[in-house]
Amino acid sequence: MTRTLPKVAIIGAGSSGMIACRELKVRGIPFDCFEKGSQAGGNWIFKNDNGMSAAYRSLHINTSRQQMEFLCFPMPRHYPTYPHHSQIAEYFDAFLDHFRLKEDITFNTEVKKAEPQKDGSWQLTLANGTQPVYDAVIVANGHHWDPRWPEPAFPGEFHGITMHSHAYLDPTEPHELIDRNVLVVGMGNSAMDIACELGNRGVARNVYLSARSGTHIMPKFFGSRPADAFLRHPGREPFWWEHIVPYQYFEKVAFPLISWKIRRAVGRPEDYGLPKPRHAFGMAHPTISSEVHIRLGSGDIKPKPNIKELQGDRVQFVDGSVVPIDAIIYATGYKISFPFFDKTVLPYENNDLPLFKRMMSPRYDNLLFLGLVQPLCSIMPIAELQASFMGDYLLGTYRLPDKDTMDKVMRAEHEMMKRRYTDSQRHTIQINCLEYSYDLRKEFKEGRKRAERWADKPERVPTTFPSAVRV
Ligand SMILES: Cc1cc2nc3c(=O)[nH]c(=O)nc-3n(C[C@H](O)[C@H](O)[C@H](O)COP(=O)(O)OP(=O)(O)OC[C@H]3O[C@@H](n4cnc5c(N)ncnc54)[C@H](O)[C@@H]3O)c2cc1C
Ligand SMILES: NC(=O)c1ccc[n+]([C@@H]2O[C@H](COP(=O)([O-])OP(=O)(O)OC[C@H]3O[C@@H](n4cnc5c(N)ncnc54)[C@H](OP(=O)(O)O)[C@@H]3O)[C@@H](O)[C@H]2O)c1
């Protein structure tokens, strides 16, 4: 039988880009993967020469390895539950070697522009000036590299060191923070890790942690088990009962149970001087730390509310307190950015980019987004599932619903997400892993049936794959 296959470009070879390479390669779909840096692994390459990694020297993962590993290539069993970033980088390197993918990646090659052509294809402009054309593009450029600073900026002026957590490497790089008074802003995982490291005795003189909103802080372990052990790896088939109660199980049973376990293990945030969360556990991206309670409880980190005003070498907080500060680290999160798209290609604001199944805009049937999710679990198994979905789609064994249906589903899901999670730029692409993976599988099945109905028709593959090659 004659099959038509599109030629695909993959932008980025972080963990998302590399699983896309694997899924396309096993299906025999021709592709080129362009990576800005000289190595694959993205965020997990410490001091990555792409200039985009947020990894600090002491970084360990905070989703257990059993949750983070690709199903097609499990992490070594001798790894600890929460490996160091260097082990994660080694794992991804081994993944590339195992599937012989390095030869498919063009390193040191940034994609500067991606422009839709009149015939529906995409023309890329690469850093070396060449302009290859593709039938489809998979965007896997990551969403934790473009620092988000407080907007609007806090009133007043600050004369000390100002940096974003993205630039933080250790207590001496890029700035000497030993024996300084440091203020860390934010209550996410970056803020926790950095405040705890600097709060160690003998590192910074004083560490203040400023929270504008409360958050539940989950320890890494309950007893000897990783805290996320209650989750099934999203790549595995769901249990039978999840077919009946997919999300309700979390809202009604799992989340309240975890919340209770957290209270039993470490108490409430208010017990440590932090603001009381205004949301139930599970309604915001999880903050995970086993250390912050000890540091707060030992006085090594001093809790503070939001900043009111910067006053030269001092900072005033909304409770009226004023403390001398030498350095402010804004651990205030990241912006979703696609510098290679013109603003008109994909208009979106404030990190808010609704997509069908968090992968496609109904506007383009040959532009796919991979790993563009903020899961309650780990990104990798979700990217693995998405990449296999994309592989089937590009192969023609999955067919999309019509554009109106896509649009309707996309809007309904987006509204549901907004209702469910706290209103913040952190929660514009939030998913519940098991619900999402369950839902994606269901869509897979329906799309396969649609594809079968179209099997004998030449329009089987999307119409905007113009130069699809014959194999
Ligand atoms: C400090 C920190 C810790 C984290 N810890 C965890 C964790 O424990 N568990 C978890 O699941 N997630 C964690 N994350 C989330 C993180 O985003 C994922 O772990 C993972 O890095 C996502 O992979 P990715 O491939 O989508 O993006 P990235 O790792 O960011 O990779 C994107 C790749 O695309 C390349 N690229 C970008 N633009 C271009 C371009 N224009 N042309 C060519 N190449 C380009 C980059 O060079 C990079 O290699 C963490 C994030 C941060 C910031
Ligand atoms: N060890 C690890 O594995 C590890 C370490 C670091 C990061 N990560 C991951 O990396 C991603 C990014 O984490 P992150 O902690 O850098 O960012 P984040 O999760 O987006 O958290 C940003 C924090 O800054 C606060 N904030 C934002 N703007 C503010 C402002 N103007 N004033 C005061 N506070 C403000 C937010 O409060 P609101 O909630 O009020 O918006 C939130 O507490 C997450 O997926 C995280 O899990 C993992």
Side-chain angles (χ1 to χ4, degrees), residues 10-20 33-45 48-56 58-65 67-68 82-83 85 88 92 105-114 124 126-127 139-145 147-154 164-166 168 184-194 210-215 220 275 277-279 284-289 306-307 330-334 337-340 351 369-375 377-383 422-427:
I10 301 170
I11 304 178
S15 52
S16 300
M18 63 178 80
I19 191 70
C33 176
F34 300 107
E35 167 53 48
K36 184 177 177 187
S38 60
Q39 290 179 76
N43 187 54
W44 296 99
I45 307 294
N48 194 328
D49 59 11
N50 67 0
M52 297 165 92
S53 168
Y56 26 90
S58 60
L59 178 67
H60 285 253
I61 59 170
N62 64 4
T63 47
S64 67
R65 79 165 153 77
Q67 283 297 324
M68 196 190 201
Y82 295 103
H85 65 69
I88 300 297
F92 288 137
I105 301 170
T106 314
F107 291 100
N108 299 308
T109 307
E110 182 179 359
V111 175
K112 294 279 192 189
K113 270 190 201 164
L124 303 189
L126 307 179
V139 178
N141 68 328
H143 58 91
H144 289 134
W145 56 267
R148 180 149 51 83
W149 297 83
E151 281 166 13
F154 290 109
H164 191 275
S165 57
H166 184 263
Y168 178 85
V184 180
V185 181
M187 285 293 286
N189 291 303
S190 299
M192 294 301 123
D193 280 1
I194 294 171
S210 165
R212 75 168 173 188
S213 50
T215 186
K220 278 187 159 175
R278 281 193 298 245
H279 57 273
H285 186 64
T287 297
I288 301 164
S289 175
N306 205 8
I307 297 174
Y330 289 104
T332 44
Y334 292 90
S337 292
F338 309 106
F340 37 83
N351 275 6
F369 293 86
L370 187 56
L372 190 55
V373 289
Q374 187 71 281
C377 60
S378 194
I379 291 185
M380 292 72 194
I382 296 294
T422 59
D423 183 18
S424 153
Q425 286 189 30
R426 294 173 84 193
H427 300 128

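Atoms within a ligand are numbered from 1 in the order they appear, just like the ligands themselves. When reading the values below, keep in mind they use all heavy atoms of this one structure, side chains included, and skip hydrogens, waters and symmetry mates.
- When G214, S190, G188 are ranked by how near their heavy atoms come to atom 13 (O) of ligand 2, first place goes to S190.
- In terms of protein heavy-atom proximity, atom 48 (C) of ligand 2 is closest to N62 ND2, 3.6 Å.
- Short contacts between ligand 2 and I61, defined as distances under 4.0 Å to a heavy atom of the residue, involve ligand atoms 3 (O).
- Closest protein heavy atom to atom 36 (C) of ligand 2: R426 CD, 4.1 Å.
- Closest protein heavy atom to atom 32 (N) of ligand 2: F154 CZ, 3.5 Å.
- For atom 44 (C) of ligand 2, the closest non-hydrogen atom on the protein side is H285 NE2, 3.5 Å.
- The closest protein non-hydrogen atom to atom 25 (C) of ligand 2 is G186 CA, 3.9 Å.
- Between F338 and F369, the gap from one ring centroid to the other is short of 6.0 Å.
- With contacts defined as side-chain heavy-atom distances shorter than 4.5 Å, the pair M380/T63 does not qualify.
- Summarising the contacts of atom 11 (C) of ligand 2 with H144, Q374, H279, the nearest heavy atom is found in H144.
- In terms of N/O distances under 3.5 Å, ligand 2 is not approached by E151.
- More than 12 heavy atoms of other shown residues, nucleotides or ligands fall within 6.0 angstrom of atom NZ in K220.
- By the 4.0 Å heavy-atom criterion, Y56 is counted among the residues contacting ligand 2.
- Checking only distances, S165 never comes within under 3.5 Å of ligand 2, N or O to N or O.
- Less than 4.0 angstrom separates atom 7 (C) of ligand 2 from at least one non-hydrogen atom of the protein.
- Nearest residue to atom 27 (C) of ligand 2 from N189, T332, D193 is T332 (criterion: closest heavy atom).
- With distances taken over non-hydrogen atoms, the option nearest atom 17 (O) of ligand 2 out of G333, P152, P275, A284 is G333.
- No part of T215 comes within 4.0 Å of ligand 2, judged by heavy-atom distances.
- Between Y330 and ligand 2 there is no heavy-atom distance shorter than 4.0 Å.
- Using a 4.5 Å cut-off on side-chain heavy atoms (C-beta onward), Q374 and H144 make contact.
- Here R212 has side-chain heavy atoms under 4.0 Å from ligand 2, and that is the only part of it that gets that close.
- At least one N or O atom of S16 sits closer than 3.5 Å to an N or O atom of ligand 1.
- Counting protein heavy atoms only, atom 44 (N) of ligand 1 is closest to K36 N, 3.0 Å.
- Proximity of M18 to ligand 1, defined as any heavy-atom pair under 4.0 Å, is not found for any part of the residue.
- If you number the atoms of ligand 2 from 1 as listed, the ones under 4.0 Å from a heavy atom of M187 come out as 23 (C), 42 (C), 43 (O).
- By the 4.0 Å heavy-atom criterion, A140 is counted among the residues contacting ligand 1.
- Within a 4.0 Å radius of atom 49 (O) of ligand 1, the protein has at least one heavy atom.
- Comparing P150, A331, A153 by heavy-atom distance to atom 22 (C) of ligand 2, the nearest is A331.
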